[in-house]
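Remember, it's 1-based here, ligands and their atoms both numbered in the order they're listed.
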Amino acid sequence: MADDLLKRTLEHLRALVGFKTPNPPREMRAGEGIFAYIRAELEKAPGDFAVEEVDLGEGCVWLYARRGQPELLFNVHLDTVPAAPDYSADPWTLRIEDGRAIGLGACDIKGAAAALLAAAQLSEGPCALLFTSDEEAGQSRCVGEFCARTTHDYSAVLVAEPTGARAVLAHRGIRTFSGTFHGRAGHSSGPRALEESALHNAARWISGAVEHARQARDGDTPYSANSEVGGWEIIEHLRGHCFNVGVVEGGKKPNIVAPSAFLRWGIRPRPGDDPDAVAVGFFELAGDDAVTWEMGFVGPSLPADFGPRGLDLLQRASALCERVELPQGAAVDFWTEAALFSQAGWPAIVFGPGDIAQAHTADEFVALDDLERVAHHYVRLMASASA
Ligand SMILES: CC(=O)N[C@@H](CCCNC(N)=O)C(=O)O
Ligand SMILES: [Co+2]
């Protein structure tokens, strides 16, 4: 069965990677493509999976499958980032080389989805699986709506993301913004270009913001309040705001003063940081320059609350990991939808194969060792999940 599990996982991974599910553009629909594959494979699994597909439109689709009365809900997303341009071979054809499975989504997070499918087929115990389609971009409507609608209760939710086969119980939140700097068009021979170019203003803001972020990261920004309560030690190493400008657009020609400049940027507040205050700290660096800020995506941290409620969820998640013998890891900097389950009141654990450093890159891969280790844990959890 050991050999079978990895073999079966890789067969599913080959099929899942072959489905083009980039987000954007998020073109998935219920009943088709990757969802039809998953439904057909679950029909072959022992026991009777009750399967429900919900299509919220705009490529937001979930497939929810349940066998028996499980204690744990597994969640995994099926969308990937768009293929990076510098893949050395077809991104949608799985390659297995040097102990790695390589292909778009292999690490983030179709390797885990494949392992979950294989585990469901090679176990007979109670099992609940939620496959979603809008994690990589959009508003995470699938998980949000699922939490609002479901009548089933679980002791905890296990969200698959690349954690190197460690159970992660805490991570940062996320906020993205766009900013439009306003200037005045004109001939670049005039001296006012230095003050009135929207691009110059945006560049000044970026350089100030990078410096501000560097100071927050390298300076001492320890927790003040709740970390003294105990139980929060796993987040104490997180420093700074993970500021990043991902998009800069604007201007037409070297000799025209740019009338506007557009930026997209983000921050990742730690559990316990005040996200509004962190954001304002960046907004204010624009000084008197004219700029319009707009908020993009907002995700809470994990746990979603830094008070007694969050601590309770964290401790319940940790107790569960101990009971089911999942190795625990440190808090991470990336964001996952576990935060939304936490916000809805469930203890949430992030656990999956692969290293986040491989996610969103060209020739993305998951190590076969990791994949197999995690698949074994999934089988074990499905066998004992009602314990
Ligand atoms: C695991 C991972 O890559 N998570 C993404 C989550 C993106 C959030 N969604 C969004 N619409 O911006 C991250 O950047 O941490
Ligand atoms: Co991702």
Side-chain angles (χ1 to χ4, degrees), residues 16-17 21-26 28 56 58-60 75-84 91 103-113 131-145 157-178 235 238 240-247 263-271 273 275 279 294-302 304 329-343 348-366 370 374:
L16 295 178
V17 165
T21 57
N23 177 13
R26 206 165 62 233
M28 282 164 276
L56 300 171
E58 295 175 347
C60 303
N75 165 240
V76 64
H77 67 90
L78 299 169
D79 52 324
T80 70
V81 292
L104 180 56
C107 169
D108 182 10
I109 185 68
K110 289 179 172 176
F131 297 90
T132 59
S133 73
D134 65 339
E135 191 273 344
E136 292 291 359
Q139 297 296 329
S140 286
R141 284 176 59 206
C142 290
V143 171
E145 272 295 311
V157 182
L158 192 151
V159 175
E161 286 287 2
T163 63
R166 301 243 144 215
V168 165
L169 308 186
H171 64 62
R172 293 168 179 271
I174 188 168
R175 281 198 182 194
T176 68
F177 300 91
S178 62
I235 60 175
L238 302 179
H241 314 301
C242 297
F243 171 79
N244 183 56
V245 179
V247 177
L263 308 180
R264 284 166 63 81
W265 56 281
I267 49 173
R268 298 174 183 267
R270 305 173 303 176
D273 283 337
E294 269 184 58
M295 191 125 85
F297 184 71
V298 179
S301 61
L302 175 69
V332 297
D333 292 306
F334 56 91
W335 189 80
T336 79
E337 293 178 328
L340 301 177
F341 289 105
S342 174
Q343 194 172 44
I349 299 164
V350 191
F351 179 76
D355 184 333
I356 194 70
Q358 310 308 330
H360 303 189
T361 58
D363 295 327
E364 170 181 345
F365 71 83
V366 61
D370 235 34
V374 167

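Taking the side chain as every heavy atom from C-beta outward, Thr80 and Glu364 never approach each other to under 4.5 Å. Under the 4.5 Å side-chain criterion, counting only non-hydrogen atoms from C-beta, His77 is in contact with Glu161. Side-chain contact between Pro271 and Leu302 is absent, with no heavy-atom pair separated by less than 4.5 Å. Between Val350 and Val332, every side-chain heavy-atom pair lies at or beyond the 4.5 Å cut-off.
Listed by chain and number, Asp108, Glu135, Ala137, Gly138, Glu161, Arg268, Phe297, Phe334, Trp335, Ile356, His360 each place a non-hydrogen atom less than 4.0 angstrom from ligand 1.
Inside a sphere of radius 2.8 Å centred on the Co ion (ligand 2), the protein N/O/S atoms present are Asp108 OD2, Glu136 OE1, Glu136 OE2, His360 NE2.
Annotation: salt bridge (Lys or Arg N to Asp or Glu O under 4.0 Å) contacts involving residues 135-144, sequence neighbours excluded, comprise Glu58-Arg141.
Pairing each heavy atom of Gly59 with each of Ser133, the nearest pair is O-OG, 2.6 Å. Among all heavy-atom pairs drawn from Val245 and Trp265, the shortest one is CA-CB, 3.9 Å.
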Review item, side-chain donor-acceptor pairs of residues 170-178, under 3.5 Å, at least two apart:
residue, atom, partner, partner atom, Å
His171, NE2, Thr336, N, 3.3
His171, NE2, Thr336, OG1, 2.8
Arg172, NE, Asp333, OD1, 2.6
Arg172, NH1, Gly240, O, 2.8
Arg172, NH1, Arg268, O, 2.7
Arg172, NH2, Arg239, O, 2.8
Arg172, NH2, Gly240, O, 3.4
Arg172, NH2, Asp333, OD1, 3.4
Arg175, NH1, Asp276, OD1, 2.8
Thr176, OG1, Phe297, N, 2.7

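Within a 6.0 Å sphere centred on CZ of Arg26, other residues, nucleotides and ligands contribute more than 12 heavy atoms.
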